[in-house]
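Down below is the structure, laid out as structure tokens.
Just so it is clear: chains get the letters A, B, ... in the order the sequence lines come, proteins before strands, and each one is counted from 1. Values reported hereafter were calculated over all heavy atoms of this structure, with side chains retained and with hydrogens, waters and symmetry mates removed.
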Protein chains: 2
Amino acid sequence: MRRDIFQAIADPTRRAIITLIAFQAMTPNAIAENFNTTRQAVSKHLRILAECELVKQEHQGREIYYSLEIDKMKEIDKWLEQFRKIWENRFNQLDNLLLTIKKAEK
Amino acid sequence: MRRDIFQAIADPTRRAIITLIAFQAMTPNAIAENFNTTRQAVSKHLRILAECELVKQEHQGREIYYSLEIDKMKEIDKWLEQFRKIWENRFNQLDNLLLTIKKAEK
DNA sequence: AATTTGCGCAATCGAAAGGTTTCATATATA
DNA sequence: TATATATGAAACCTTTCGATTGCGCAAATT
């Protein structure tokens, strides 16, 4: 199935996993210890994250270390870009308003 | 049901709606004209967006104008913050590497 | 060689998602 | 007042999601 990064971060457990492995690679078992679910459930989440290339695997013996593909996260940032322009502009408008008020006070 | 902004933006149609009404308020009918679904389907999406306060309504006679609650979008940005630090740091590391190479060339 | 450990995969299940159709209601228009 | 229009809500259906259970396989350990 076609996976999407926005769909990937929709699930709270997956967001937690992302945060967890952002700084250090971890095995499925180690990750699962942090949640109230089975290892298999975590494994499924990892598969979804891997499908949309949000995580990368590093095999080491029988263990698999998962780590965050940080560049992929930029895609979310990229989508936000269009809106950031708006809210920054709003802020400028507020600036202008405050300036107008100050002028009026003089 | 408890709605979540990340769940809200998981659906591609909802993301398109968000982009559509980011700059100007629109009625459900006008919004629906842009998609290959019924007005009722769009209405459902709007309800979900309203539930997590991503859109605000402005009643005007029998019409309802929907517009984006831009501040709510910042919550996504806020979550991204922690990762932005990482990828900016990566960039600095690359900078340092390039610097080291330059030094070595001398 | 036998057993334990780490892992992914497949089957199954209940809940939720997203869509359509049908309706009820309020406002505009004839 | 009768009719058309804009909208939300409810009922229903199919697909997808997230979780569990049971399994098989490869690597480590005994």
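For the pair B/Ser43 and D/dT7, the criterion of a side-chain N or O lying under 4.0 Å from OP1 or OP2 is not met. OP1 or OP2 of C/dA17 has at least one side-chain nitrogen or oxygen of B/Gln7 nearer than 4.0 Å. The phosphate of C/dA17 has neither OP1 nor OP2 within less than 4.0 Å of any side-chain N or O from B/Arg14. Contact check, A/His45 against D/dA19: a side-chain N or O comes under 4.0 Å of OP1 or OP2. An OP1 or OP2 oxygen of C/dC7 is reached within less than 4.0 angstrom by no side-chain nitrogen or oxygen of A/Tyr66. OP1 or OP2 of D/dC17 sits under 4.0 Å from a side-chain N or O of A/Arg3.
We find that CD of B/Glu63 is positioned 19 Å from P of D/dA4, with the value rounded to whole Å. Rounded to whole Å, the distance from CZ on A/Arg15 to C1' on D/dC17 is 15 Å. Regarding B/Arg47, its CZ atom lies at a distance of 22 Å from the P atom of D/dA6, rounded to whole Å. Distance CG (B/Leu46) to P (D/dA6): 16 Å, rounded to an integer number of Å. For B/Glu58 and D/dA6, the CD to C1' distance is 16 Å, given to the nearest whole Å. Rounded to an integer number of Å, the gap from CD of A/Gln60 to C1' of D/dA28 is 14 Å. Atom CD1 in B/Ile48 sits about 11 Å away from atom C1' in C/dG19, given to the nearest Å. Note: CD (A/Glu51) to C1' (D/dT16) measures 13 Å, nearest angstrom.
Using a distance-only test at 3.5 Å, with no hydrogens or angles considered, no donor-acceptor pair links the side chain of A/Glu53 to the main chain of A/Ala50. No donor-acceptor pair under 3.5 Å is formed between the side chain of B/Gln24 and the backbone N or O of B/Ile21. Without hydrogens or angle criteria, A/Arg3 side chain to A/Ile48 main chain gives no donor-acceptor distance under 3.5 Å.
Both A/Thr13 and A/Gly61 lie near DNA chain D, and the one whose nearest nucleotide falls closer to the 5' end is A/Thr13.
Judged by atom type and distance alone, B/Lys44 does not reach the base of D/dG8 through any side-chain donor-acceptor pair under 3.5 Å. Under 3.5 Å, the side chain of A/Arg62 and the base of C/dT5 form at least one donor-acceptor pair of N or O atoms.
Side-chain contact between B/Trp87 and A/Met73 is present, with at least one heavy-atom pair separated by less than 4.5 Å.
Partner of A/Glu81 under the salt bridge (Lys or Arg N to Asp or Glu O under 4.0 Å) criterion, out of A/Lys85, A/Lys78, A/Arg84: A/Arg84 alone.
For the segment residues 19-42 of chain B, the set of residues with a heavy atom within less than 4.0 Å of an atom of DNA chain C comprises B/Thr37, B/Thr38, B/Gln40, B/Ala41, in numerical order.
Residue pairs meeting the salt bridge (charged side-chain N to carboxylate O under 4.0 Å, His left out) criterion with at least one member in residues 15-36 of chain A, sequence neighbours excluded, are A/Arg15-B/Asp4.
The side-chain hydrogen bond (donor to acceptor under 3.5 Å, both in side chains) test applied to A/Lys44 returns no partner, not counting sequence neighbours.
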